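Reviewing the structure listed below.
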There are 2 protein chains.
Amino acid sequence: MENKTERFEKLLVKNGLKRTAPRLQVLEILSGRDSATSQPYLEQVMGKDADRVTLYRVLQAFEEKGIIHKVLDQQGTANYAICSDGCSAHEHHDEHVHFNCDNCHKIYCLDSVKIPALKVPVGFKVEHLNLIATGLCANCSDKVN
Amino acid sequence: MENKTERFEKLLVKNGLKRTAPRLQVLEILSGRDSATSQPYLEQVMGKDADRVTLYRVLQAFEEKGIIHKVLDQQGTANYAICSDGCSAHEHHDEHVHFNCDNCHKIYCLDSVKIPALKVPVGFKVEHLNLIATGLCANCSDKVN
DNA sequence: ATGTTAATGCAATTATGTTGCAAATATAGG
DNA sequence: CCTATATTTGCAACATAATTGCATTAACAT
Ligand SMILES: [Mn+2]
Ligand SMILES: [Mn+2]
Ligand SMILES: [Zn+2]
Ligand SMILES: [Zn+2]
């Protein structure tokens with residue numbers, strides 16, 4: 001059985017990206033979490049292991065290649081989650097709902113919840129849909145009760 | 001027939017806000033446009049008529065009172081639109097879909113398009129839904145054809 | 001081993017948004 | 001109309017997110 005780092009290295013190579021420490025570190029961090037990860041948090045965790053600018057460039061490259069997708073929370077903060085299989089440089093398949101908890105502020109990818117089609121006014125051509133639900137996540141609504 | 005400025009002044013008074021030049025100017029600008037207005041655009045149009053900070057505070061006050069609502073576009077930029085009737089300090093009724101044109105970047109409030117209810121995983125409690133569609137607006141898809 | 005290209009680090013800059021405080025002003029009440 | 005008071009504004013300083021240019025470093029194909 002191949003380990004995680006090997007998988008990540010293959011993923012980078014497959015996308016024509018060199019396997020560098022900052023990139024592997026970002027993949028490690030994102031994959032070890034059950035919800036999307038904010039840029040500020042990533043920056044803090046990476047600390048001096050990588051420059052801020054490098055982090056931005058790693059995230060941008062990953063997004064372009066379809067390795068991760070970006071979700072803006074209600075405050076406009078960028079959050080990143082690893083894409084499910086099927087995303088590529090040419091096409092993101094992430095039309096699932098995102099859930100932004102009002103209490104813990106985590107953002108969950110609800111991969112099983114698809115966004116329903118919409119009837120829009122004449123003339124408008126819908127390309128993508130982006131739905132963010134807010135409320136209490138499973139963890140937080142447990143604690144409250 | 002009462003003119004626009006009179007209506008705006010009543011709106012301010014009704015919400016316990018003094019009728020000041022920056023506030024009236026923001027209402028003028030927002031009401032004269034067919035789509036939501038970005039903070040950077042507002043700042044540019046107001047120019048030296050009002051300080052940046054004042055603009056931020058005007059927008060915040062209006063949002064709190066239910067006079068306008070904020071929509072973040074795909075880049076995370078804040079855009080503002082006047083609320084339809086029925087919004088107040090205590091409750092926003094803006095669960096309509098927003099359309100962000102990929103070409104002209106305008107954001108339209110699709111007041112007639114409601115966000116469909118969602119089935120989410122067990123434990124999650126949905127409070128609000130926020131749906132942004134992207135694609136081509138009516139104007140832009142006309143021009144392309 | 002080495003050359004080429006991609007990636008990083010650093011410094012500087014821009015954009016967005018916030019806070020504290022003093023000065024100005026809208027307006028209510030006399 | 002005057003005046004007192006609470007609100008609002010302007011300014012300066014700060015905070016944070018993001019971008020750009022450029023020199024240096026490092027990955028990896030040959
Ligand atoms: Mn997602
Ligand atoms: Mn709207
Ligand atoms: Zn939560
Ligand atoms: Zn358009």
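From a predicted model like this one, the values you see are computed outputs, not experimental measurements. Each chain gets a letter, A, B and so on, in the order its sequence line appears, and its residues count up from 1.
Note: CZ (R23(B)) to C1' (dT7(D)) measures 8 Å, nearest angstrom. L72(B) places its CG atom 15 Å from the P atom of dA17(D), with the value rounded to the nearest Å. Between the CG atom of D51(A) and the P atom of dA23(D) there is a distance of 17 Å, rounded to whole Å. Straight-line distance from the CD atom of Q75(A) to the P atom of dT18(C): 10 Å, rounded to whole Å. Across the protein-nucleic acid pair, F62(B) atom CZ and dT9(D) atom P stand 9 Å apart, rounded to whole Å. In this entry the distance linking CG of L17(B) with C1' of dT25(C) reads 15 Å, nearest Å. For Q60(A) and dA6(C), the CD to P distance is 15 Å, given to the nearest whole Å. Atom OH of Y56(B) is separated from atom C1' of dA15(C) by 8 Å (rounded to the nearest Å).
To the nearest 0.5 Å, the span separating NZ on K106(B) from CG on D73(B) amounts to 14.5 Å.
Between R57(A) and Q39(A), the residue anchored nearer the 5' end of DNA chain D, judged by the nucleotide with its closest heavy atom, is Q39(A). Nearest-nucleotide mapping onto DNA chain C: of A21(B) and V53(B), the residue sitting toward the 5' end is V53(B). A residue-by-residue look at G76(B) and K48(A) shows that K48(A) has its nearest nucleotide of DNA chain C further toward the 5' end.
Aromatic ring centroids of F124(B) and Y108(A) lie under 6.0 Å apart.
Scanning all heavy atoms of the two residues, the minimum distance from L72(A) to A78(A) falls at CD2-CA, 3.8 Å.
By the 6.0 Å contact criterion, NZ on K114(A) is enclosed, its count of non-hydrogen atoms from other residues, nucleotides or ligands being greater than 12. The number of heavy atoms from other shown groups lying within 6.0 Å of NZ (K4(A)) is above 12.
Within 3.5 Å, no donor on the side chain of K18(B) pairs with an acceptor on the base of dT25(C), nor the reverse. Evaluation of atom-type donor-acceptor distances gives no pair under 3.5 Å for the side chain of R52(B) against the base of dG10(D).
Within the nucleic acid shown, A61(B) has no heavy atom closer than 4.0 Å to any nucleic acid atom.
The side chain of T20(A) contributes no N or O atom lying less than 4.0 Å from OP1 or OP2 of dA27(D).
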